[in-house]
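To start, the structure itself, in C-alpha cells.
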There are 2 protein chains.
Amino acid sequence: MGFEGADPGTVRPGGRTARVRSAVLRAAGDALAEHGFAHLDLADIARRAEVGKTTVYRRWGTVTSLVADLLVDMAEQSLPRTETGSLLGDLKANARLVQRTLADPRQGALFKAVVAAATCDAKTAEALHSFYDIRVKEWAPCVQQAIERGEVPDGTDAHEVIRAVSAPLYYRLLTTGDRLDEAAADQAAEAAAAAARAGAYLRGERGLA
Amino acid sequence: MGFEGADPGTVRPGGRTARVRSAVLRAAGDALAEHGFAHLDLADIARRAEVGKTTVYRRWGTVTSLVADLLVDMAEQSLPRTETGSLLGDLKANARLVQRTLADPRQGALFKAVVAAATCDAKTAEALHSFYDIRVKEWAPCVQQAIERGEVPDGTDAHEVIRAVSAPLYYRLLTTGDRLDEAAADQAAEAAAAAARAGAYLRGERGLA
DNA sequence: CCCATAACGGGACTCCAGTTTCGTTAATCG
DNA sequence: CGATTAACGAAACTGGAGTCCCGTTATGGG
C-alpha cells in the first residue's frame with residue numbers, strides 16, 4: 001500500500017515533473033508581471049504553461065503557495081557580486097543592480113507582486129525572507145572587508161548596511177510613483193556608506209547620543 | 001431625466017450615506033488586518049458593517065477600490081508632528097511613531113495589506129502615494145529647520161531625508177520576520193541623520209565622488 | 001527492457017463571489 | 001412638511017474559479 005500523503009512531485013522528480021515545474025513557474029512569473037498578484041488565475045497559468053489546470057491545482061493549490069515555490073526558484077539563481085576595492089564602490093554596484101532589477105518593467109512588477117503575495121500568507125512570507133537573506137548574505141562580505149580596511153568602525157552590522165542600500169529603493173518603488181534611476185541608486189549607496197562610516201550600524205547599543 | 005452616470009454617494013452624501021461609508025471603511029480595516037488582502041470577501045465586510053452586500057458592491061465594486069477609499073480616509077487623519085529642537089531628536093520621534101504603528105499587530109497587518117493592494121491596482125497605488133506624500137510633507141519642515149540651523153548642508157532634499165527614516169522600517173517589515181523594536185527605529189533615525197549631515201541627500205548632482 | 005504506479009490531463013461538476021432585479025427607506029429641496 | 005428620487009437591502013440569479021473522477025502517459029527501480 002504505502003502512504004498516500006507524499007505530495008506529488010516528490011517521488012519522481014525527474015523528467016516530466018521537472019519540466020512541468022519550470023514551465024509553470026515561468027508562466028507564473030509572466031502572469032504576475034502582467035496582471036499583478038490580485039488578478040491572477042491558475043487556469044490562465046496552466047494555459048500559458050501548456051499544462052492541465054488540474055496539475056497546477058494538485059501541485060500548488062493556491063496562488064500564494066505557487067509564489068512561494070517561485071521564490072525558492074528565484075533564490076537558487078544567485079548572481080555573483082562584483083568587487084571594486086572600496087565600500088562605496090561595492091555598495092554602488094549593489095544599488096545599481098537592485099535599481100536595474102526594480103526599474104525593469106517585468107522584473108519590477110514581478111517583485112511588487114511577490115512582496116504582495118508574501119503579505120498574505122505565512123509560508124510565502126518565509127520564502128521571501130529566505131530569498132532576501134541569501135541576497136544579503138551574498139553582499140555582506142564587502143562590508144566586512146571595509147571594516148578590515150578601517151573604512152567603517154569595528155562592530156558594524158554588515159547585513160544591516162546591505163539592507164540599508166536596498167531599503168530606500170524598495171520604499172520608493174512601493175510608496176511613490178517616481179522612476180527608479182541611477183541617481184536614486186547612487187544616493188542610496190552614498191547614504192548607507194556615510195551612515196556606516198558614522199557608526200550608525202554598530203551592533204547592540206546605539207553609537208551616538 | 002438627468003445623467004445616470006454619477007456614482008452613488010455623490011448626490012446625497014449626508015446622513016445614511018456617510019454612516020454607511022464609515023461603517024464599511026472600519027469593517028474593511030478590521031478585515032484587512034485579520035485576513036490580509038488576498039483572503040478578503042466583500043460580503044464579509046458587508047456583514048461586519050451591518051450593511052447590504054449589494055451596497056458595498058455598488059459603491060466600491062472591488063477590493064482594491066475599497067482599499068483606495070480607505071487610504072483617502074486614512075490620509076485625512078494626520079497626526080501633528082512633535083518638535084524637539086535637533087534633527088536627530090525630530091527624526092527619532094518620527095521613526096518611533098512609524099515603528100510603533102508598524103509594530104502594532106492590527107496597524108502593521110493593515111499597512112502590509114494596503115501596500116499589497118496598491119501593487120495590484122493603479123488607482124489604489126495613487127491613493128497610497130498621496131497618503132505617503134502627505135505624511136512626508138508633514139515632517140519635512142524639521143529637516144528644513146536643520147538646514148537653517150546649519151546642521152545639514154544647504155540644498156538637502158528634505159523629503160528624501162524623511163523617506164530615508166521610514167524606508168528601513170518598511171523594508172524590515174516586508175522582507176524579514178524580525179520584530180520592529182525601538183532600536184530599529186533609533187538606528188533608522190541615526191543613519192538618516194548621519195547621511196544627511198554628510199551631504200548624501202543633496203538635490204541634483206550627487207555630492208561625493 | 002518491463003512493470004508498477006507516480007504524475008499528468010480532459011471533462012464534468014460544485015459552489016460561491018459578484019450581478020441583477022425590484023421593492024423599501026430616507027436625504028435634500030421647495 | 002411633503003414630494004422627488006438617491007441610496008439602500010433582500011433575494012434570486014449566473015459565471016467561472018476550484019474540485020473530483022477516471023483514463024492516459026511516462027518515470028524510476030528491478
Side-chain angles (χ1 to χ4, degrees), chain A residues 1-28 31-32 34-69 117 120-121 124, chain B residues 1-28 31-32 34-69 117 120-121 124:
Chain A
M1 53 180 76
F3 286 93
E4 302 161 11
D7 348 41
T10 55
V11 180
R12 289 179 186 174
R16 180 168 59 171
T17 298
R19 251 182 341 263
V20 164
R21 183 172 111 108
S22 75
V24 169
L25 292 186
R26 177 175 10 265
L32 277 178
E34 272 179 45
H35 305 316
F37 168 65
H39 315 287
L40 206 56
D41 180 12
L42 292 199
D44 173 55
I45 291 177
R47 223 172 299 124
R48 288 168 187 255
E50 295 178 307
V51 151
K53 77 168 180 168
T54 312
T55 299
V56 177
Y57 279 106
R58 185 170 28 229
R59 283 189 59 182
W60 292 279
T62 67
V63 173
T64 49
S65 71
L66 177 54
V67 174
D69 197 26
C120 299
D121 177 76
T124 311
Chain B
M1 50 180 79
F3 285 94
E4 301 159 14
D7 346 43
T10 54
V11 180
R12 290 180 185 174
R16 181 168 60 171
T17 298
R19 240 168 5 247
V20 165
R21 184 173 111 106
S22 75
V24 169
L25 292 186
R26 176 174 11 265
L32 277 178
E34 271 179 47
H35 305 316
F37 168 65
H39 316 286
L40 206 57
D41 178 12
L42 292 200
D44 174 54
I45 290 176
R47 223 172 299 124
R48 287 169 186 255
E50 296 180 305
V51 151
K53 78 167 179 167
T54 313
T55 300
V56 176
Y57 279 106
R58 186 170 26 229
R59 284 187 59 181
W60 291 280
T62 66
V63 173
T64 49
S65 69
L66 178 53
V67 174
D69 197 26
C120 299
D121 177 76
T124 311

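Note on naming: letters A, B, ... go to the chains in the order of the sequence lines (proteins, then strands), and numbering restarts at 1 for each one.
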Check every atom of D/dC8, C/dA7, D/dG18 against the side chain of A/Arg59 and return the nucleotide holding the closest atom.
C/dA7
In whole angstrom, give the distance that lies between atom CG of A/Leu40 and atom P of D/dA17.
11 Å
For B/Gly15 and for B/Gly61, locate the closest nucleotide of DNA chain C by heavy-atom distance; then report the residue assigned to the nucleotide nearer the 5' terminus.
B/Gly61
Within this structure, what is the CG-to-C1' distance between B/Asp44 and C/dC16, rounded to whole angstrom?
14 Å
Within this structure, what is the CZ-to-P distance between A/Arg19 and D/dA26, rounded to whole angstrom?
8 Å
Want to settle it: does A/Val63 or A/Arg16 sit nearer the 5' end of DNA chain D, counting the closest nucleotide to each?
A/Val63
For A/Arg47 and D/dA17, what is the distance between atoms CZ and C1' respectively, to the nearest whole Å?
11 Å
Taking every heavy atom of B/Cys120 against every heavy atom of B/Thr64, the minimum-distance pair comes out as CB-CG2, 4.3 Å
Rounded to whole angstrom units, what separation is found between the CG atom of A/Asp41 and the P atom of D/dA17?
4 Å
If you take atom types as modelled and just measure distance, does the side chain of A/Lys53 reach the base of C/dG9 with a donor-acceptor pair under 3.5 Å?
no
Compare the minimum distances between each of D/dA7, C/dC8, D/dA26 and the side chain of B/Thr17, then state the nucleotide with the smallest one.
D/dA7
Value in whole Å for how far the P atom of D/dA17 lies from NE2 of A/His39:
13 Å
Under 4.0 Å from OP1 or OP2 of D/dT19: is there any side-chain N or O of A/Tyr57 that close?
no
What's the separation between atom OG1 in B/Thr62 and atom NE2 in A/His39, rounded to the nearest 0.5 Å?
7.5 Å
Whole angstroms only, please: what is the CZ-C1' distance between B/Arg21 and D/dC8?
17 Å
For A/Thr62, which contact category applies under a 4.0 Å heavy-atom criterion: base, sugar-phosphate, or nothing?
nothing
So which atom in B/Ala49 and which in B/Ala23 form the shortest heavy-atom distance, rounded to 0.1 Å?
CB-O, 3.6 Å
So, under a plain 3.5 Å distance rule, would you say the side chain of B/Thr54 forms a donor-acceptor pair with the base of D/dA10?
yes
Which of these nucleotides, C/dA26, D/dG18, C/dA6, is closest to any side-chain atom of A/Leu42?
D/dG18
Whole-Å distance, A/Leu66 CG to D/dG18 C1', equals 15 Å
To the nearest 0.5 Å, how far apart are CG in B/Asp7 and CH2 in B/Trp60?
12.0 Å
Provide the closest heavy-atom pair for A/Val20 versus A/Arg59 in the form atom of the first, atom of the second, distance.
CG1-NH1, 3.9 Å
Looking at B/Arg58 and D/dG9, is any side-chain donor or acceptor paired with a base atom of the opposite kind under 3.5 Å?
yes
